[in-house]
Amino acid sequence: MRVPMTVADFLERAELGFSGSPGVIDEPNQPGPPVPESTYGRLGDRVRAWQAGFDALGVGEGERVAVVSHNSARLLELLFALPMSGRICVPVNFRLKPDEVEYVVRQSGASVLLVDPELDEALAGVTVRHRFVLGAETDTVLMRFGVEPRPWSHPDEDATATINYTSGTTARPKGVQLTHRNIWVNGLTFGLHTRVWERDVYMHTLPMFHCNGWGMPYVMAGLGVKQVVLRKVDGAEILRRVDEHGVTLMCGAPAVWNAVLDAAASWEGEIPGRDRVRIVCAGAPPPSRTIQRVGEELGWEFTQIYGLTETSPLLTFNRIRPGDADLPPEQRARKLSRAGLPALGVKLKVSEEGEVLARSNVVLDGYWEKPEETAAALRDGWFHTGDGGTVDEADGHLTISDRKKDVIITGGENVSSIEVEDTIFSHPAVAEVAVIGVPHEKWGETIKALVVLAEGATADEAEIIAYCKQRMAGYKAPTSVEFREVIPRTATGKIQKFKLREPYWAGLDRGVN
């Protein structure tokens, strides 16, 4: 027997087994009225009201509905309502500029646009056939409570469920088509590797637009887990809600956990969630010092994953193994900074050029209306990640060394900018760092560190360089250090190194030497 695996499976189980249990606690500080705390039974009712509303609009199966929103219960509901009815949800990064949102809406061919009240005025110029402001307007004008929606005519696990746009660090963003099967398998493996169960409480510290909140809304519903919505990241507020709601599990980029660590320094009393909270980190390999501090200062269990929007996103998972529990904290943290073992069902290899390649049921179906880019990414039966890495032959763990294009080759030696950044970041005066390669007449390229100092701290170029030379091979140390007020990032928190390099490579016909 073969039954299609679709997004509907997660909510159907939630309604069947946990209809009266707490489902979603909305962010109370929404610019519009928050959704009242709902059970999973009530969540199902609201999902069907959305679907009936889209039926009344004449939005058919396969049509795209774009949603530009901060974290909210309504966005979570739409991540179910649209795919479950055979439509396609396009969650859009709320940090994008209006012209970037307009590009995503136009390129996806969305016929409906739903916008957060806070973004309504800024996105007034983005026009589509149907446009609504999330909140009172959608609740009263769009949603049809008590009306039974049309069922999806032919449920298909290979149908596109969501189109999630990449952050576009090198070009226009591409629309990643994730199928119901992609989402289903990712949810299953994520839940397995993070040990999710009914007594967990999950807080959405990760933007839901980002790869559907890494698929967590689905697996949490399927296992009856209470979900707490956090609209905007704030370290102190995260600690407060961990305490208030008994949160046990969160996901996020390193910046989230740095914010919590900063807030913990002035927190009165015991840190909430000690020996209870599990956090999952991805987005960039965090400095080992950060990992060590999470365990020592918060008492939270740190786990590391690696993945991409194109892989739904989970490819690897790294949690400290029982045999490593007695290692010194610094050594444990260093092991946890690796990407980890392939997740269940994932096959990885490194090409001769050093690029990480992946095969799995979580790999995208393709880039929306970009066949050439799809063919380039899915070559020879493998997804080409664009990341450089190595696999430890002793234990099979993957280490991401760099974006391939960001490897610095100086005097014929390959240097991982991430390794240099990790070393510099461990300096107590450093708050942020980005390492890039700049042209050099003798060495081809040489290493430059762009450094933001911690508030009130002091350090000079010679001190940073000497610090690196004491801790790593001399050729890996930067030859120059430039101090900055801030290091610019993309809307999803990534450092755009190609932009940082541009001034130094201006006038040259290529970006490597």
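Computed from heavy atoms alone, side chains included, the values below leave out hydrogens, waters and symmetry copies.
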* Asked: Would Arg278 and Asp200 pass as an ion pair if we require N to O under 4.0 Å?
  -> yes
* **Check against salt bridge (charged side-chain N to carboxylate O under 4.0 Å, His left out), Asp116 and Arg231** => CA-CA 11 Å; Asp116 187 282; Arg231 180 175 172 85; 2.8 Å; yes
* Looking at Arg131 and Asp120, does any basic side-chain N land under 4.0 Å from a carboxylate oxygen? -> yes
* Taking all atoms of both residues into account, what is the closest heavy-atom pair of Pro34 and Asp26, and its distance? -> CA-OD2, 3.3 Å
* To do: For the pair Glu77 and Arg48, find out whether any cationic side-chain nitrogen is under 4.0 Å from an anionic carboxylate oxygen.
  => no
* Gap separating the CZ atom of Phe10 from the CG atom of Leu79, nearest 0.5 angstrom -> 12.5 Å
* Asked: Would you call Asp156 and Arg181 a salt bridge, using N to O less than 4.0 angstrom?
  -> no
* Check against ring-ring contact (aromatic ring centres under 6.0 Å, His included), Phe317 and Tyr306 -> CA-CA 7 Å; Phe317 190 86; Tyr306 164 68; over 10 Å; no
* Asked: Which of these, Val104, Val68, Asn212, Val67, sits in a side chain to side chain contact (heavy atoms under 4.5 Å, CB included) with Pro91?
  -> Asn212
* To do: Take Ser72 and Glu27 through the side chain to side chain donor-acceptor pair (under 3.5 Å) test and state the conclusion after the steps.
  => CA-CA 6 Å; Ser72 68; Glu27 166 64 55; over 6 Å; no
* **Salt bridge flag under 4.0 Å for residues Glu432 and Arg489** => yes
* Which atom of Leu223 lies closest to which atom of Val196, heavy atoms considered -> CD1-CG1, 3.6 Å
* To do: Using modelled atom types only, decide if a donor and an acceptor are shared between the side chain of Thr374 and the backbone of Tyr367 within a distance under 3.5 Å.
  => yes
* In terms of ring plane angle, is the pair His204 and Tyr202 parallel, tilted or perpendicular, where the classes change at 30° and 60°? -> perpendicular
* To do: Would you mind reporting whether Asp139 and Arg74 have side-chain heavy atoms less than 4.5 Å apart?
  => yes
